[in-house]
Amino acid sequence: MSRALERYLADDAEIATLAELEAALTAAAIEIGTTMVGSADYAAVFALVAQHRQEEPESDADVSMAKPEGAFAERIAHFTAQGLLDADDAALAADHFAALTMLRAYNHQPTPSPADLDRVRETIADGVHVFIRAYATR
């Protein structure tokens, strides 16, 4: 995930408009999402995390995606500071982004083989568009 964030959403990326931000978010999310949805390893980890959370909901064990989600929340805060997004809570906006894109794509393709990657890309692009409509500055 961090490579995709650096490749498409780095501080020095030349993103000055909402259209450029939407394109960069879409590219990053598609790279991450197609890797996740098409990976049997990711599906296994996802199932184990879900099982662990169900069995021990109060556990302090680090089975979350806190580090990657934090990095993405930092990107959201960056684009908010630039005036492209209006996100009072960058972590919540990052959660919304993940739910609208990767999680939705995963839910539509829970079996990694054979994943319909064209459908994954379309689902993610649609989610990014909704995210931009919700969080764009007005």
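For this chain, numbers begin at 1 and follow the sequence in order.
T34 OG1 to M102 CE: the interatomic distance, rounded to the nearest 0.5 Å, is 10.5 Å.
The side chain to side chain contact (heavy atoms under 4.5 Å, CB included) test with R121 singles out one residue from I124, T123, L117, and that residue is L117.
Here the closest heavy-atom approach between residue A16 and residue L84 is recorded as O-CD2, 3.6 Å. Between I15 and Q82, the shortest heavy-atom contact is O-NE2, 3.7 Å. Residues D86 and T137 share a closest heavy-atom pair of N-CG2, 3.8 Å. For E20 against E14, the heavy-atom pair with the smallest separation is OE1-O, 3.7 Å. The shortest non-hydrogen separation linking L18 to A136 is CD1-CB, 3.5 Å. Contact between A28 and L9 at its shortest, heavy atoms only, is CB-CD1, 4.1 Å.
Contact annotation: the side chain of Y8 never approaches that of I30 to less than 4.5 Å [non-hydrogen atoms, C-beta and beyond]. The closest side-chain heavy-atom distance from H78 to D11 is below 4.5 Å. Put simply, the side chain of V128 reaches to within 4.5 Å of the side chain of F97, judged on heavy atoms. Using a 4.5 Å heavy-atom threshold, the side chains of L100 and R104 count as separate. Between T101 and F131, the closest side-chain pair of non-hydrogen atoms is not below 4.5 Å.
By the 30° and 60° cut-offs, the orientation of the rings of Y135 relative to H96 is tilted.
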Show your working on side-chain contact (heavy atoms from CB on, under 4.5 Å) between F72 and I32 and close with a plain yes or no. CA-CA 12 Å; F72 188 71; I32 296 163; over 6 Å; no

